[in-house]
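So the structure is just underneath, and the comments pick up after that.
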Amino acid sequence: MRKLYLTTILISMFAVCQFFICIELQGSETIPDNDKNSDINASAQGPTIFFENPDFNFGQIFKGQKIEHIYKFENRGNNVLNIGKVNTSCGCTAAILTSNTIPPGKTGEIRAIFSSGSFTGNVTKSISVISNDPDHPRYNLTISGEIIEDVSIKPRNIDFGSVHLGEKTDKTVTIKSQTEPDFKIKKIIPSKPFISASIAEEENGEYVIKVELENNPEIGRFSGGIHLETNSQMQEKVNIPFFGEIVGDITTYPNKIYYGFVTKGKELSQKLYVKVNKSNINISSIKTFPDYVSAKIIENLETNNPHYLIEVKLHSEAAIGKINGALELYTNSKIQPVIRIPIIGEIEEG
Amino acid sequence: MIRIISKHSAFKPLIIVFILLVLSNQNDNSLYGNETLSEPAINIIFTGEENGYLEPCGCSEKELGGLPRRHTLVNRLRKKDENWILLSLGDLPGKVGRQDEIKMETILRALDQMDYAAHNIGEKDINMGIDLLSYLSQISNVDFISSNIDFNTQVLKVKPYIIKEIKIKETTLKVGILGILSPELIDDTCQDIKVIDPIVSLKPLLSNLSDKTDILILLSHAEIEDSIKIAETYPEFDLVISGHRIDRPGIYLTKVKSTYVIPVGEKGKYLGTITLSPKSTRTDGSKRFNSYLSTTETIPLDERFEDSPAIEMLLKIYQQRLKDEELIKRVFKTGLPSNLTFIGNDDCAVCHNKIFRHWENTRHASAYETLLKVGHEYDPECIECHTTGLSYFTGFETIDSTPGLKGVGCESCHGPGSNHKETQSKDYGKAEVEICEICHENEHSPNFQFKDYWQKIIHPLEEEIGG
């Protein structure tokens, strides 16, 4: 009797232990093993989910089009198949299940809708079917194909690169429609006042747009978009992003140092990269404040990519409260004699 | 032994339970690496193609992924075995523009905190401009690698490969990590770089590395077919991590000759792990291991993994930077047709007071406050669906300049109301399902069904207004 009692306790301990381990492992997945060629298994114990065609390729479609596909499946086991969930891993794909419960020998459907609006090129999206099939608790379906744009833009982004303060520069973009023989650009609107865009050439529906950086803005990075309105049925509105940087004699990255909320007593350091864009320009001194912030040049290269790498350290003695400090670089540049890098953060009680 | 057990039958249950517990603990290893394996092994964590996805925004329950959860899982894995090698396939940002520049820097800082060994350069990283990429390479502690691109700049710190040494017990394993970007994925108008066919560029590197390393891994930023081709050409690779635009790491795991090819997944919603165990131990400096795959796992980053405070702090700084740089003010705006303008809910309320009072109690009305609660009110990607008319002139600009347009107001669904206010025209007021679906799309509103959701906001009948 005593032995039986001991056995019961120990087996219960094992069961509890096993239960917790199972919980821990639930989220992990082994490599999927969709058995696409299994035959009807009349002797299978439990339910068996079976998809004849788990992978669907829609071929080539235009961006913005929606694709709908029905995945048919069958319960080839001898117990009721319960579908717990149908998960899509992308917001672009919706999956609707006709019924959660499929008796043995019966079929079910999953209707998948894929929206191509945010893609170009080849894509593969997956749908996971979670069921009580002991061999395939997670069955993976895929929907794949190529998404092409009606309006082709070359290059897709306009990178002005580094433009020296005061300089003007321009870039060209070629635009055409793949389906509209009488393609027209109706409107061109740049998002920034210092950028202008106009049609430079037009031949047989192929446009060359000249994008000019004119009124030079202040030193620093800039970005925006050229907004086009076209007569394309599929892409009435098109955006061409542009970006670049207006540089002086010296470029710093980042232009602000953020430490965030820091527990009192903790020491943190960040790197500041200082690029020298003109010969004979150098840093004469560096000042930091408050005094619990220090700066040290850890790398100084004078030829081939002249630059400084500065370590900016927040020391452990920093007082509780907002930092609101700065690092100042004193240089021999006429246009940038002092470069100020704000230092932002807050020291909190531990 | 059996005889001993039979003699002491009272111990039988104890022995059985002991054996069962030992067996159950072996299962546990599948999630937490192979620390108990007697042979030395390499544990690899692979992620990539974040495409600017920092964390679940909170719009819907059970969103996967996010850097704070990733950090927590990495820490848990490291508690079991500190020798994990973390690899990033490439494509940290999603699109170009200032917000994604800040995102890219934020993700890199997170990879730095998680102690990633290498980041392979993807085409979306390049799309941000070589200048930015160069600056980031200078301030980041994560090694940037690319084995097939010549960058026409000295500012960019990039290596053709790295060798990571892992010491396990008495053995030191040398892991060579290379990275390529498919020429097919790069805009051919990019003048600052020269892209070499990976099959050509890898050959000299491999002949140099084969004798110096025990395991070779390729981060192949290419479509899976191209990665398989590389694996076929160079069986020297033990593992090729690939899968451009394949959304889950688990699908398409392939063995090509002796090389495993596995996709990385998208947006960091999953974390992939692989343990490579050698078949034989090295006996001299020149012999390489013949590795075999002992375990591979795809771990969905769900609510089981709490947010890491360190990475949460980086995301707070990210939000602070969006605020400081006033990115909401930089949102590109277009004109409205026929000189229409947004008038705000208060003007609508003059005639439609009953509807207005009903609306005030809906979640549409408090959509802006929802963002305030999570500190995302300066995030242009979030605020578009929590205010009225952000992308149009006369629409929402800032909470100070256009307070009447906060929340999802009347004009979010019905369009700008200036003309209707003047004329009380009857043709104003219709709202199509497609308008709802701009914000209630599957990612942020997976349960959206117009019929059900309409019930949540159905307007009471208003008394007929004269005219």
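In what follows, chains are A, B, ... by sequence order, proteins preceding strands, each numbered from 1.
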Item to complete: Over 60° means perpendicular and under 30° means parallel, so classify the ring planes of A:Phe160 and A:Phe242, tilted if in between.
Response: perpendicular
Discussion item. Given B:Ser242, which partner from the list B:Val264, B:Asp226, B:Val261 fulfils the side-chain contact (heavy atoms from CB on, under 4.5 Å) test?
Written reply: B:Val261
Discussion item. Is B:Leu132 close to chain A through its backbone or its side chain, or both, or neither, when contacts mean heavy atoms under 4.5 Å?
Written reply: both
Worksheet item: Given that the side chain runs from C-beta out, which part of A:Ser115 has a heavy atom under 4.5 Å from chain B: side chain, backbone, both or neither?
Response: neither
Worksheet entry | Region of A:His227 that comes under 4.5 Å of a non-hydrogen atom in chain B | both
Discussion item. At a 4.5 Å cut-off on heavy atoms, which part of B:Glu266 comes close to chain A: side chain, backbone, both, or neither?
Written reply: side chain
Worksheet item: Of the backbone (N, CA, C, O) and the side chain (C-beta and beyond), which part of A:Gln270 lies under 4.5 Å from a heavy atom of chain B, both, or neither?
Response: side chain
Item to complete: With ring-ring contact (aromatic ring centres under 6.0 Å, His included) as the test, would you mind laying out the steps for B:Tyr392 and B:Phe332 before giving the verdict?
Response: CA-CA 8 Å; B:Tyr392 297 98; B:Phe332 182 65; over 10 Å; no
Worksheet item: Given the options B:Glu441, B:Arg321, B:Arg330, B:Arg98, which has more heavy-atom pairs under 4.5 Å with chain A than any of the others?
Response: B:Arg321
Worksheet item: So with a 6.0 Å cut-off around CD of B:Gln449, is the heavy-atom count from everything else above 12?
Response: no
Worksheet item: Side chain, backbone, both or neither: which part of B:Ser140 has an atom under 4.5 Å from a heavy atom of chain A?
Response: backbone
Worksheet item: Which bit of A:Asp159 comes within less than 4.5 Å of chain B, counting heavy atoms only: side chain, backbone, both or neither?
Response: side chain
Worksheet item: Contact part of A:Pro342 toward chain B, heavy-atom cut-off under 4.5 Å: side chain, backbone, both or neither?
Response: neither
Discussion item. More than 12 heavy atoms of other residues, nucleotides or ligands under 6.0 Å from CD of A:Glu311: yes or no?
Written reply: yes
Fill in: CD (B:Glu434) with more than 12 external heavy atoms under 6.0 Å
yes
Item to complete: Go through A:Asn304, A:Ile344, A:Val123, A:Leu309 and name the one with the most non-hydrogen pairs under 4.5 angstrom from chain B.
Response: A:Asn304
Worksheet, complete the sentence: Rounded to the nearest 0.5 angstrom, the CG-CG distance for A:Leu141 and A:Asn87 is 11.5 Å
Discussion item. With chain A as the partner, which of B:Ile246, B:Thr153, B:Val155, B:Leu314 has the greatest number of non-hydrogen pairs under 4.5 Å?
Written reply: B:Val155
Worksheet item: chain B heavy atoms under 4.5 Å from A:Phe261: which part of the residue, side chain, backbone, both or neither?
Response: both
Worksheet entry | Under 4.5 Å from any heavy atom of chain A - which part of B:Glu437 | side chain
Fill in: CG-CG distance between A:Asn157 and B:Asn127, expressed to the nearest 0.5 angstrom
5.0 Å
Worksheet entry | Residue A:Leu301 versus chain B: region with a heavy atom under 4.5 Å | neither
Practice prompt. Heavy atoms only, distances under 4.5 angstrom: which of A:Asn239, A:Val262, A:Thr251, A:Asn122 has the most pairs with chain B? Name it, please.
Written response: A:Asn122
Practice prompt. Begin from the C-alpha positions of B:Thr295 and B:Thr275 and carry the test side-chain hydrogen bond (donor to acceptor under 3.5 Å, both in side chains) through to its verdict.
Written response: CA-CA 5 Å; B:Thr295 56; B:Thr275 299; 3.2 Å; yes
Worksheet, complete the sentence: Bottom line for B:Glu223: the part with an atom under 4.5 Å from chain A's heavy atoms is side chain
Fill in: Passing option when B:Lys269 is tested against B:Glu49, B:Glu63, B:Glu443 for salt bridge (Lys or Arg N to Asp or Glu O under 4.0 Å)
B:Glu443
Worksheet item: Can you say whether A:Phe222 sits under 4.5 Å from chain B via the side chain, the backbone, both, or neither, judging by heavy atoms?
Response: neither
Worksheet item: If you take all heavy atoms of B:Gly268 and B:Leu301, which pair is closest and at what distance?
Response: O-CD1, 3.5 Å
Worksheet item: Of all of A:Lys256, A:Glu229, A:Arg221, which one pairs up most often with chain B through heavy atoms under 4.5 Å apart?
Response: A:Arg221
